[in-house]
Amino acid sequence: MAEFTDIQTREIGLQKALTARQLSMIALGGAIGTGLFLGSRFAIGFAGPSVVLSYLIGGMIALLLMAGLAEMTVQHPTSGSFGAYAEHYIGPLAGFLVRYMYWGCIVLAVGTEVTAVGEYMQLWFPGIPPWIWVVLFGGALILVNAMNVKSFGTLEYWFSAIKVFAILAFIVVAGWLVFFSGDQKRGLHNWGAEGGFMPNGLSGMWFAVIVSIFSYLSIEMIAVAAGEAAEPEKAVKKAFKVTAFRLLIFYILTLSLIVSIAPVSEILSGSSPFVTVMQVIGIPFADSVLNFVVIIAALSAMNSQLYISTRMMFSLSRAGEAPEVFGRVGRNGAPLNALLLSTGGIVVATVIYVLNPDQAFTMMFAISMFGALFTWFMIFVTHVAFRRTLAARREKPKYTVWGSRIGAIVGALLMVAIAASTALTEEFRATLPFGIPCLVIAIVAFLLVQRRRRRTAADLEAADAPTSHGKNRDS
């Protein structure tokens, strides 16, 4: 097995300017976005009040993922991250598939976020076509990502700080209404109203887990961003711990309060449950303030996802598995060509919005899911191979998390179960029919790349052979 330093060497050129605080905010920026503010509406529609259990299950899977990823990232900090780990510990095909499927997933997730912005803007500007907002906000964030990574990290920090502050404020207001206001309409009794805690049974609760996985998607961004951290080992350890805690608190606590404030039918009457709850409560201008926050949340997630998809394409190029032009960096250290390619999700979202505005968000949500599920599955599988390899060498990881070995196996099995479940829901029925052909295309592309490499190597050998023969004859 080749040394991992060979992979790290080929990915040099990016600036190392991110701090632990910025790393944790980048992960929060990606994970606290449309999945919480808009996707939770779909989850509540599936599960009713039992959505709390759905997100708790998804959160536990996310924690298992972070445990294994933390161990591998501290051992090998690089922008190629789990794609590079899969290449090193499983094989070139695994690395190729993880990078491309994750890149495609995140590119489409960017489109999902910007589609959500178009939905949110309808509260203020119902007469303006949503696709116009998609283009305007998409262009603005492309410019942000064209800056150096320090500027990106600073902006993302403040984007995420706004979201965190808003969610904490929501928790305080909602908590007061539910437990201390004395309003008989608000309270835990809403968990049993309109069909009970599980109005659609266990299956509805389980289908909501699919949405929760998409909601938690992007926590793995810490591992990718570690390649540009000033002190990667220290930063990653701190960022993983802080992010895991904050995500569980924000998701579980906020959703518990949302389903306590009003019956499910009222919560589902609008686009974002957060905005709808503010409208139900009747606080003046609270819905507009929260609508501003959810727009910031979507832009923040989109900003993080543009960053990550760009770095993944950069890693593919440096591995020789994408055109060389996408591995070049500008004077400010940003891979601009990879960035431009990674804006494809914005284009797809714009086209879908123009053609079918009513189903745009649902469609983008569904087609981006396969890459997410595949990537998480492969991270778990890679961690199993990582620990087995170190055990065979009688080496210990630089950083260990209790229970991570068995957690990786459990996590991989759960991802297979969730992927199979998408075929049973109307909203996610497009996930497998879209994703499986993409996976097959990626495998064929890998085989073509490998064949080209073999031909190139054979041509070089053939070119050298006469020269070597001539030298031998002259001597």
**Student:** For Val259 and Val52, work out which heavy atoms get closest and say how close.
**Tutor:**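 Val259 and Val52 have their closest heavy atoms at CG2-CG2, 4.3 Å.
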
**Student:** Would you check if Trp376 and Leu414 make a side-chain contact, meaning some heavy-atom pair closer than 4.5 Å?
**Tutor:**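 Of all side-chain heavy-atom pairs linking Leu414 with Trp376, none is under 4.5 Å.
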
**Student:** Check whether any side-chain heavy atom of Tyr100 lies under 4.5 Å from a side-chain heavy atom of Met313, and answer yes or no.
**Tutor:**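 Tyr100 vs Met313: side chains touch.
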
**Student:** Taking Thr400 for its side chain and Pro397 for its backbone only, find out whether a donor-acceptor pair lies under 3.5 Å.
**Tutor:**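 The answer is no, because no donor-acceptor pair under 3.5 Å joins these two groups.
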
**Student:** Is it true that a side-chain atom of Asn200 and a backbone atom of Gly48 form a donor plus acceptor pair closer than 3.5 Å?
**Tutor:**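 Here the side-chain-to-backbone pair does not exist.
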
**Student:** With a 3.5 Å distance limit and no angle check, can you tell me whether Tyr85 reaches the backbone of Ile379 through a side-chain donor-acceptor pair?
**Tutor:**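 Not at all, since once roles are kept as given, no pair shorter than 3.5 Å links the two residues.
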
**Student:** Work out which heavy atom in Ser342 is nearest to a heavy atom in Leu306; give both atom names and the distance.
**Tutor:**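 For Ser342 and Leu306, the tightest heavy-atom pair comes out as O-CD2, 3.8 Å.
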
**Student:** Can you find a pair of side-chain heavy atoms, one from His383 and one from Leu65, that are under 4.5 Å apart?
**Tutor:**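 No, side chains not in contact.
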
**Student:** List the steps, then state whether side-chain hydrogen bond (donor to acceptor under 3.5 Å, both in side chains) holds for Trp206 with Ser54.
**Tutor:** CA-CA 6 Å; Trp206 175 251; Ser54 305; over 6 Å; no

**Student:** Answer yes or no: does atom CD1 of Ile132 have more than 12 heavy-atom neighbours from other residues, nucleotides or ligands under 6.0 Å?
**Tutor:**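 Yes, because the 6.0 Å sphere around CD1 of Ile132 holds more than 12 heavy atoms from other groups.
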
**Student:** Show the nearest heavy-atom pair for residues Gly187 and Val178, with the distance to one decimal.
**Tutor:**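 Scanning both residues completely, I find the closest heavy atoms to be CA-CG1, 3.9 Å.
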
**Student:** Using distance only, find each side-chain donor-acceptor pair of residues 364-374 under 3.5 Å and give its atom names and separation, not counting sequence neighbours.
**Tutor:**
| residue | atom | partner | partner atom | Å |
| --- | --- | --- | --- | --- |
| Ser368 | OG | Met364 | O | 3.0 |
| Ser368 | OG | Phe365 | O | 3.1 |

**Student:** Could you note down all residue pairs passing salt bridge (charged side-chain N to carboxylate O under 4.0 Å, His left out) where residues 342-352 supplies at least one of them, sequence neighbours left out?
**Tutor:**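 Sorted pair list comes back empty.
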
**Student:** Would you say Phe197 and Leu53 make side-chain contact, with heavy atoms under 4.5 Å?
**Tutor:**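 The answer is yes; the side chains approach within 4.5 Å.
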
**Student:** Would you compute the distance between atom CZ of Phe326 and atom CG of Leu341 and round it to the nearest 0.5 angstrom?
**Tutor:**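 The distance works out to 4.5 Å.
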
**Student:** Are side-chain heavy atoms of Met60 and Leu64 found at a separation under 4.5 Å?
**Tutor:**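 A side-chain contact is absent here, since even the closest heavy-atom pair is not under 4.5 Å.
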
**Student:** Report yes if some heavy atom in the side chain of Asn291 is under 4.5 Å from a heavy atom in the side chain of Met121; otherwise report no.
**Tutor:**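 No - every pair of side-chain heavy atoms lies 4.5 Å or more apart.
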
**Student:** Kindly indicate whether the side chain of Glu87, heavy atoms from C-beta on, has any atom under 4.5 Å from the side chain of Val98.
**Tutor:**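 Side-chain contact under 4.5 Å: no.
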
**Student:** At what distance, to the nearest 0.5 angstrom, does CE of Met198 lie from OG of Ser50?
**Tutor:**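 Result: 5.0 Å between the selected atoms.
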
**Student:** Are any side-chain N or O atoms of Gln75 and backbone N or O atoms of Tyr399, one a donor and one an acceptor, separated by less than 3.5 Å?
**Tutor:**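 No; judged by distance alone, with no hydrogens or angles, the pair does not exist.
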
**Student:** Ignoring hydrogens, what is the shortest heavy-atom contact between Met101 and Gly435? Give both atom names and the distance.
**Tutor:**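 Closest approach of Met101 to Gly435, heavy atoms only: CE-O, 4.1 Å.
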
**Student:** Measuring from Ile443:CD1 to Cys438:SG, what's the distance to the nearest 0.5 Å?
**Tutor:**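 Answer for the CD1-SG pair, Ile443 versus Cys438, is 11.5 Å.
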
**Student:** Of all the heavy-atom pairs spanning Leu432 and Pro437, show the shortest one and how long it is.
**Tutor:**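 For Leu432 and Pro437, the tightest heavy-atom pair comes out as O-CD, 3.8 Å.
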
**Student:** Would you say Asn190 and Ile261 make side-chain contact, with heavy atoms under 4.5 Å?
**Tutor:**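 SC-SC contact between Asn190 and Ile261 ruled out.
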
**Student:** Would you call the rings of Phe82 and Tyr102 parallel, tilted or perpendicular, taking 30° and 60° as the class edges?
**Tutor:**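 Perpendicular, since the angle between the ring planes exceeds 60°.
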
**Student:** Kindly assign one of parallel, tilted or perpendicular to the pair Tyr55 and Tyr251, based on the angle between their ring planes and the thresholds 30° and 60°.
**Tutor:**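 Parallel: the ring planes of Tyr55 and Tyr251 meet at under 30°.
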
**Student:** If I take atom CD1 from residue Ile296 and atom OH from residue Tyr120, how far apart are they, to the nearest 0.5 angstrom?
**Tutor:**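 Reported to 0.5 Å precision, the distance equals 12.0 Å.
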
**Student:** Ring-plane angle category for Phe46 and Phe428, please: parallel below 30°, perpendicular beyond 60°, tilted otherwise.
**Tutor:**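 Because their plane-to-plane angle is under 30°, the rings of Phe46 and Phe428 count as parallel.
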
**Student:** How long is the straight-line distance from CG of Leu257 back to CD1 of Ile167, given to the nearest 0.5 Å?
**Tutor:**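 Those atoms lie 12.0 Å apart.
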
**Student:** Is the side chain of Gln122 donor-acceptor paired with the backbone N or O of Ile128 at a distance under 3.5 Å, no angle test?
**Tutor:**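 Looks like yes, one N/O pair under 3.5 Å.
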
**Student:** Taking all non-hydrogen atoms of both residues, which atom of Val401 and which atom of Glu71 are closest, and how far apart?
**Tutor:**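 Between these two residues, the closest heavy atoms are N-OE2, 2.8 Å.
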
